[in-house]
Amino acid sequence: MDHATTSLLRDAVVLLGAGLVFVLIFRRLGLGATLGYLVAGAVVGPHVLGLVGDAEAKIGVAELGITLLLFIVGLELNPTRLWRMKQEIFGLGALQVVLCGVAVSLVVWLATSSSIAAALALGLPLALSSTAQVLPMLQSAGRMRTPFGERAFSILLFQDLSIVPLITIVAVMSRNPADAAGPPGWLLFIYTLLAVGGLILAGRYLLRPLFGVIGNLGEREMFVFAGLFTVIAAAAIMEALGLSTALGAFVAGVMLADSPYRHELEADVEPFRSILLGLFFLAVGMMLDLQAIADRPLFVAGMALVLIATKALIIFGIGMAFKMKWRAALALGLLLSQGGEFGFVLFAQAQNALLIRPEAASLFGAIVTLSMATTPFLMTITQRIRAEPIDTSDREGPVADGANALIVGYGRFGQTVAQMLIAQGIPVTLIDTDIEMIDIAGGFGAKVYYGDGTRMDLLRQAGAAEAELIMFCIDGDQLSPDLIDAVHEAFPKAGIFVRAFDRRALVKLRGAHADGVVREVLESAIKMARMAMKSIGIDGAEIDRTEDHYRARDKERLKAQSESGDLHAARDRIITQDRRPDLTEEAST
């Protein structure tokens, strides 16, 4: 094995190992994978441990990760959804990029006394936020499909789209003689329109039929090849025209967004995107000039603070202009206040265009990194301020109206219980603490009272002393045996029924004075298994015997777990491939 191959393998081991360790640490700290990769690259790079070199060559390959990222972003945007979100994307997004870009460029110009061209080359990229950091935060918080999440996504999407004009602006301002020999800006614009049009036609008349043929063949690995070919071919066409490779990949993704192969393509391309994007950030970390940063730490910290404050304030103002509530607008401003990963790409472009020095690229790369590190902390410490207060002033508390049943919790479980009782003519009183759900239920004609149904005084106020049924349909593991016993003692005439979140909750509530405890997913899971067995021709009597057998084993296991307090008790009663029972023998015994 030659020296070059050995060196490549050694570098791969060091980079991947460092990336793995630091990303795990940073994920555990809630700081995100991007920062983990950047710090890992800086640690193993030439300025700290010096274990890996030649970052420029590595970043050249890793930039394909940015291209794949935009391809996947395009896949997520079918034209129908893009059109539906046009106001947020091209209104909210455009205002954010323009206003933040101009404001931050002005700050850079005043703080550094650099030329206007250099200030724009540094300030405009800082207007972009971190898609790689913000989207996972939205997803983990369950806000991706909410109005707030869609507005944040719209801004991020426009930021991704704005990379193309920002690269063009840098090219127009370039002082590099090699760039001066290229086509003028107006011709690049025409090339862009023609290239996008060509990719759209190719997607409709070439790519879709191609994926149809591959789908009929049933060869999964061909989807991988075809997906990578699509991305790389689109990027190569744009590069040959002197345009943004990322734009080509994005357009290719949009053209396949409403095809039946979107999910397959996304699953096939995602691993390559993750690896190459991680390598990109590792290489960026290696290229950071830590000595230049160490020489001016106050400048880096101060500029990061000014960047966060400027972007948060401007985005807050834009949100208010778009009639967002002030808390939501503040949350949007803080969420998008950091610099983003595309800043590193644009700083490299500006450096190649001789607009900024390498030291400036490192300093502002550190500013982006520091600003990204602050976002999780900002969102945590401002959570109380951003949280919408629960307005109970016009919420009617429960009253004793002669209902036979009290239902505490009107979510997906409680709604079904309530409707069945009402259908039988049983009057019910509904209680919940979720203001949004109460308002939605009211729109469907259901009267839900606001209040904490685990409080004795509120249950008494709702008429529990005269009720025949008290039913706790609360989500999660919120109930204790002591509470159930207290309700039984206070209202002995009422039958008490409890929804148990899972097996642990069921074991915990064993022995409580409840007339019935229902594990919420058990019956639906059994029903699905019955339907599946019936669909493949298994006899009905055999299905009944299988269900009875499972229920008996599950009951034995629950009894053993409750008596011992150990969830691992009676493990032999779990049915596995290695412990498949003979139903005929067990039935005969």
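Because only heavy atoms are used, hydrogens play no part in the values below, and waters and symmetry mates are left out as well, while side chains stay in.
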(message) Is it the case that atom CE in Met528 sees more than 12 heavy atoms from other parts of the structure closer than 6.0 Å?
(response)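 Counting neighbours around CE of Met528, 12 or fewer heavy atoms of other residues, nucleotides or ligands fall under 6.0 Å, so no.
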
Which heavy-atom pair separates [X] from [Y] by the least distance, and what is that distance?
X: Phe472; Y: Gly453; answer: CE2-O, 3.5 Å
X: Ala405; Y: Leu421; answer: CB-CD1, 4.1 Å
X: Phe148; Y: Leu332; answer: CE1-N, 3.6 Å
X: Leu307; Y: Gly339; answer: CD2-N, 4.0 Å
X: Ile438; Y: Val448; answer: CG2-O, 3.6 Å
X: Ala418; Y: Leu430; answer: CB-CD2, 3.8 Å

(message) Side chains of Lys311 and Ser129: any donor to acceptor distance under 3.5 Å?
(response) yes

(request) Using distance alone, with no hydrogens and no angle criterion, decide if Arg545 and His549 have a side-chain donor and acceptor under 3.5 Å apart. (result)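 The criterion, which ignores hydrogens and geometry beyond distance, is not satisfied for His549 and Arg545.
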
Side chains of [X] and [Y] in contact at under 4.5 Å (non-hydrogen atoms):
X: Tyr550; Y: Thr546; answer: no
X: Ile155; Y: Ile318; answer: no
X: Glu520; Y: Arg412; answer: yes
X: Val134; Y: Leu156; answer: yes
X: Gln96; Y: Leu336; answer: no
X: Ile484; Y: Val517; answer: no
X: Arg499; Y: Val518; answer: no

So, does [X] use its side chain to make a donor-acceptor pair with the main chain of [Y] at under 3.5 Å?
X: Asp432; Y: Tyr410; result: yes
X: Ser480; Y: Leu483; result: yes
X: Asp485; Y: His513; result: yes

(message) Thr416: which residues meet the side-chain hydrogen bond (donor to acceptor under 3.5 Å, both in side chains) condition with it, sequence neighbours left out?
(response)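 Partners of Thr416 by the side-chain hydrogen bond (donor to acceptor under 3.5 Å, both in side chains) criterion come out as none, since no residue qualifies.
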
(request) Using the test side-chain contact (heavy atoms from CB on, under 4.5 Å), find all partners of Val521 that sit at least two apart in sequence or belong to another chain. (result)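 side-chain contact (heavy atoms from CB on, under 4.5 Å) list for Val521, sorted by chain: Ser524.
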
(request) Go through the structure and list residues passing side-chain contact (heavy atoms from CB on, under 4.5 Å) with Arg551, not counting sequence neighbours. (result) Leu522, Glu523, Ile526, Glu547

So, taking the atom named [atom1] in [X] and the one named [atom2] in [Y], what distance separates them when rounded to the nearest 0.5 Å?
X: Asp515; Y: Phe497; atom1: CG; atom2: CZ; answer: 5.0 Å
X: Thr380; Y: Leu334; atom1: OG1; atom2: CG; answer: 11.0 Å
X: Gln338; Y: Thr375; atom1: CD; atom2: OG1; answer: 4.0 Å
X: Leu406; Y: Ile496; atom1: CG; atom2: CD1; answer: 10.5 Å
X: Ile474; Y: Phe413; atom1: CD1; atom2: CZ; answer: 11.5 Å
X: Tyr37; Y: Thr369; atom1: OH; atom2: OG1; answer: 15.0 Å

(message) Run the side-chain contact (heavy atoms from CB on, under 4.5 Å) test on Asn404 and Leu469 for me, step by step, so that the C-alpha distance in whole Å, both residues' side-chain angles and the decisive distance to 0.1 Å come before the verdict.
(response) CA-CA 6 Å; Asn404 286 16; Leu469 297 168; over 6 Å; no

